[in-house]
Chemist: 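Provided herewith is a single structure, encoded as structure tokens, for subsequent inquiry.
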Amino acid sequence: MFSFIPPIDRYIFRLVIVPMLGVFVLAASLLVLDKMLRLFDFVATEGGPVGVVFKMLASLIPEYASLAIPLGLLLGILLAFRKLATSSELDVMRAVGLSYLRLLRVPFIIALILAALNVALVFYIQPVSRYYYEQLEFELRSGALGASIKVGEFNTIADRMALRIEESSEEGRRLEGIFARVTDDDGHVLAISAREGNFLATSDSPDTIILRLSDGIIVQDTPGTTPRVLSFSMQDLPIDLPALEEFRSRGDAEREYILPELLRMGWSENAPQAVRDASQASFNYRLVEVVIMLLMPLLALALAIPPKRSSSALGVFVSIVMAVAYHKVNEYGQAVAALGRADPIVALWLPFAIFAALILWMYHRVAHVPGGQPIGALESAFAKLSKAFGKLFKRRRRASPVAEEDFAETDPRPMMAGG
């Protein structure tokens with residue numbers, strides 16, 4: 001089906017795509033699992049349904065994907081060319097006249113496709129999904145998602161009622177060990193305890209529910225009079241539900257703006273200066289995170305080729321450190337530019353220019369300098385350090401076993417008389 005594609009390109013595509021997808025899935029999974037633990041704790045504290053955790057995680061996937069895609073692209077290309085280099089296939093390809101740029105044709109095509117995907121994520125999908133996440137969090141805190149009464153704690157309802165329940169069963173339909181304290185504007189206080197009860201909805205007033213109590217006591221305390229004690233077998237207690245606030249509209253923060261909104265707010269004469277600074281910083285931050293992906297194939301190639309007769313994986317470690325460090329520098333630059341303390345061109349594009357120049361120099365060393373190794377000094381230091389550790393552990397292994405002659409039995413013959 002793809003016979004028109006040169007075999008070398010198909011081969012490189014297979015080498016790149018498998019580790020790239022693996023790294024992407026691994027990085028995204030680690031980010032999701034870390035957030036999942038926090039969300040489960042948050043939802044359990046708020047008393048909300050478990051299903052909302054997965055909705056919140058789904059709304060965060062575009063944000064995590066925008067971080068995992070560049071890392072997957074970098075490591076996918078690096079691991080593919082490292083395999084070619086360590087198996088000497090890269091030397092054969094170079095010997096038959098294939099340049100590094102020719103070998104990077106497929107990685108550059110993949111980088112262009114993923115960069116376009118990242119543009120859609122960071123400029124359109126991620127702002128909307130982030131707003132949806134904030135909306136779910138707000139509804140969970142306000143109780144709009146059906147947050148339950150916390151068992152064993154005092155729950156304040158409508159600022160006039162304190163309710164405590166010892167046990168809850170049948171998914172909250174049956175309550176046991178109920179205590180309630182109700183006050184009104186005149187200072188009247190009702191202290192109610194009941195053996196069990198349940199909540200009932202009312203058809204005429206959706207903002208009011210009925211707490212039907214069974215087998216309990218009411219203590220009525222009125223200022224200036226003696227408290228009265230009443231016992232009951234069944235008592236209905238109306239509870240006014242607090243009015244649920246509506247969630248704000250999208251656009252409270254610049255990270256919720258899509259591309260047209262960023263351009264309109266960032267360069268509008270009518271917008272406040274703080275909004276303009278934050279919008280311009282966010283626009284440049286998103287753009288620079290996408291553009292750097294086009295240089296990832298060059299960086300991956302420069303770090304993929306170890307020294308001759310070496311299987312060192314130092315380049316993999318250095319690539320991760322460089323990618324993460326550059327991302328953190330961009331985050332800091334965005335924060336500084338959003339506060340108006342620096343121009344976005346200086347805070348974001350100057351680090352990009354420095355990082356791009358470093359990548360181009362590293363590629364030039366590998367592609368055009370005979371025997372060039374951009375991290376040769378690190379490779380040499382790493383090799384010496386590994387050799388020193390190897391000697392140290394080897395010496396310890398030799399010293400730890402007790403010599404066999406220490407346990408050898410003494411020859412009794414010299415101790416015998418006449419021996």
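Not measured: the values here are computed from a predicted model.
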Chemist: Quick one: salt bridge (charged side-chain N to carboxylate O under 4.0 Å, His left out) partners of Arg181, sequence neighbours excluded?
Modeler: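 Scan of Arg181 (salt bridge (charged side-chain N to carboxylate O under 4.0 Å, His left out), adjacent residues dropped) gives none.
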Chemist: Could you tell me which residues satisfy side-chain hydrogen bond (donor to acceptor under 3.5 Å, both in side chains) with Glu89, sequence neighbours excluded, listed by chain and number?
Modeler: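 Glu89 satisfies side-chain hydrogen bond (donor to acceptor under 3.5 Å, both in side chains) with Tyr11, Ser87 once adjacent residues are dropped.
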Chemist: With sequence neighbours excluded, tell me which residues meet salt bridge (charged side-chain N to carboxylate O under 4.0 Å, His left out) with Asp221.
Modeler: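 For Asp221 there are no salt bridge (charged side-chain N to carboxylate O under 4.0 Å, His left out) partners, ignoring immediate neighbours.
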Chemist: Return the set of residues passing side-chain hydrogen bond (donor to acceptor under 3.5 Å, both in side chains) with Asp343 (not counting sequence neighbours), or none when no residue passes.
Modeler: none
Chemist: If the condition is side-chain hydrogen bond (donor to acceptor under 3.5 Å, both in side chains), which residues does Arg14 pass it with, not counting sequence neighbours?
Modeler: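 Counting only residues at least two positions away or on another chain, Arg14 forms no side-chain hydrogen bond (donor to acceptor under 3.5 Å, both in side chains).
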Chemist: Give the C-alpha distance, both sets of side-chain angles, the deciding distance and a yes or no for side chain to side chain contact (heavy atoms under 4.5 Å, CB included) between Met322 and Ser319.
Modeler: CA-CA 5 Å; Met322 291 180 67; Ser319 67; 5.8 Å; no
Chemist: Does the pair Glu134/Arg255 count as a salt bridge with the N-to-O cut at 4.0 Å?
Modeler: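 Answer for the salt bridge query: yes.
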Chemist: Which pairs with one or both residues in residues 60-70 pass side-chain hydrogen bond (donor to acceptor under 3.5 Å, both in side chains), sequence neighbours excluded?
Modeler: Glu63-Arg130, Ser66-Gln126
Chemist: Is the shortest side-chain heavy-atom distance between Asn118 and Met293 below 4.5 Å?
Modeler: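 A side-chain contact under 4.5 Å exists here.
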Chemist: Sequence neighbours left out, what passes salt bridge (charged side-chain N to carboxylate O under 4.0 Å, His left out) with Arg341? Give chain and number order.
Modeler: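 Applying salt bridge (charged side-chain N to carboxylate O under 4.0 Å, His left out) to Arg341 gives none.
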Chemist: Check ring-ring contact (aromatic ring centres under 6.0 Å, His included) between Trp267 and all other residues, then give those that pass, not counting sequence neighbours.
Modeler: Phe283
Chemist: If you look only at pairs with a residue in residues 259-269, which of them pass as a salt bridge (charged side-chain N to carboxylate O under 4.0 Å, His left out), with sequence neighbours excluded?
Modeler: Arg250-Glu261
Chemist: Run the salt bridge (charged side-chain N to carboxylate O under 4.0 Å, His left out) test against Arg94 and tell me which residues pass, sequence neighbours left out.
Modeler: none
Chemist: Any side-chain hydrogen bond (donor to acceptor under 3.5 Å, both in side chains) pairs touching residues 281-304, not counting sequence neighbours?
Modeler: Ser282-Arg286, Asn284-Trp349, Glu289-His327, Glu289-Asn330
Chemist: Sequence neighbours left out, what pairs pass ring-ring contact (aromatic ring centres under 6.0 Å, His included) with at least one residue falling in residues 82-105?
Modeler: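 Of all non-adjacent pairs touching residues 82-105, none passes ring-ring contact (aromatic ring centres under 6.0 Å, His included).
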